[in-house]
K.L.:
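Encoded as structure tokens, here's the structure I'll be asking about.
Just so it is clear, the model here is predicted, and its values are computed rather than measured.
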Amino acid sequence: MSSMNSLPRIVEPVQRWKRFGDKQLFLPNHVVALLRPKPKQSPHLATFAVPLQFNKLDLRDYLHHAYGVETTAIRSFINQPKPERKNKTGPWYRPRAQKMMIAELVKPFVWPEPVKDEEALKPWDHAMYQKLQKDRRAQEKKQKDPKKVPLRNKFAVPDDVKSVSQQARELLRKAKGLKVKEKGLKVEGKEEGKRGEVKDE
């Protein structure tokens, strides 16, 4: 008769992905962004942009406690951007690196299709967003090329500035009885050693 000690012992596998950290963070100061996958990427893989000081255990704990998402494996890598030059003539510098992590999810996650209907995007001011993005890109393009930056005297004078100038002329006319030209005032400055002196012609 065999004893209980002679029976084969069944060893349970160690659930290493079930061990979580004990440190509690109530006001985290990091940003974790979920990126849209590539066209042929598996729905079981999710790509995240994380801070440089983040490690795999941090992302695993973050997904589990914040969203209840279980992961089986996590891979990380750092994207080193190419060196750039400020204003095409300035010194060379390397932009800040970006750390990426790819998590293997237990349950697949499929991104929804992007909304292409302009009418459905009206409540979120999508047209205004596109206009701001277009103006921002145009401004950045001008700043990168110094030859395309217009001089100050080439800018059009806004209507509110013209209105304020007209009101100032009217006040001077009433207060001092000066005959001010409609074209504007001449201010004597550095040549005479005086600032802010209005010259009546």
K.L.:
Going by atom types only, do Q166 and R169 share a side-chain donor-acceptor pair under 3.5 Å?
P.N.:
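Yes, a side-chain donor-acceptor pair sits under 3.5 Å.
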K.L.:
Tell me if the CZ atom of R96 is crowded by more than 12 foreign heavy atoms within 6.0 Å.
P.N.:
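No, because the 6.0 Å sphere around CZ of R96 holds 12 heavy atoms or fewer from other groups.
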K.L.:
Is there a salt bridge (charged side-chain N to carboxylate O under 4.0 Å, His left out) between E170 and R173? Walk through the geometry before answering.
P.N.:
CA-CA 5 Å; E170 293 294 336; R173 183 184 293 116; 3.0 Å; yes
K.L.:
Which other residues belong to the hydrophobic cluster containing F77, where Ile, Leu, Val, Met, Phe, Trp and Tyr are joined when side-chain heavy atoms lie under 4.5 Å apart, directly or via other members?
P.N.:
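Members alongside F77: L35, L45, M100, I102.
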K.L.:
Not counting sequence neighbours, list each pair that qualifies as a side chain to side chain donor-acceptor pair (under 3.5 Å) and has a residue in residues 42-52.
P.N.:
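Pairs touching residues 42-52 that pass the test: Q41-T47.
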K.L.:
With rounding to the nearest 0.5 Å, note down the distance linking CD in Q80 to CZ in R94.
P.N.:
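It comes to 5.5 Å.
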K.L.:
Is there side-chain contact between P83 and W92, with heavy atoms separated by less than 4.5 Å?
P.N.:
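The answer is yes, as the side chains (C-beta and beyond) meet within the 4.5 Å cut-off.
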K.L.:
Between E70 and R60, is there a side-chain heavy-atom distance shorter than 4.5 Å?
P.N.:
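Heavy-atom side-chain distance check fails, nothing below 4.5 Å.
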K.L.:
Should L63 and F48 count as side-chain neighbours, where that means a heavy-atom distance under 4.5 Å?
P.N.:
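L63 vs F48: side chains touch.
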K.L.:
Linking I/L/V/M/F/W/Y whenever any side-chain heavy atoms sit under 4.5 Å apart, do Y129 and L121 land together?
P.N.:
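In one cluster: no.
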K.L.:
Given the rule that I, L, V, M, F, W and Y join up when any side-chain heavy atoms are under 4.5 Å apart, are Y67 and V50 in one cluster?
P.N.:
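As far as the 4.5 Å side-chain criterion goes, V50 and Y67 are connected within one cluster.
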K.L.:
Would you call K99 and P51 a side-chain contact if the rule is heavy atoms closer than 4.5 Å?
P.N.:
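Contact flag for K99/P51 side chains = no.
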K.L.:
Is any side-chain N of the basic residue among E119 and K122 closer than 4.0 Å to the acidic one's carboxylate O?
P.N.:
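Answer for the salt bridge query: yes.
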K.L.:
Do V115 and W124 have side chains that approach each other closer than 4.5 Å (heavy atoms only, starting at C-beta)?
P.N.:
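No; the side chains remain at least 4.5 Å from each other.
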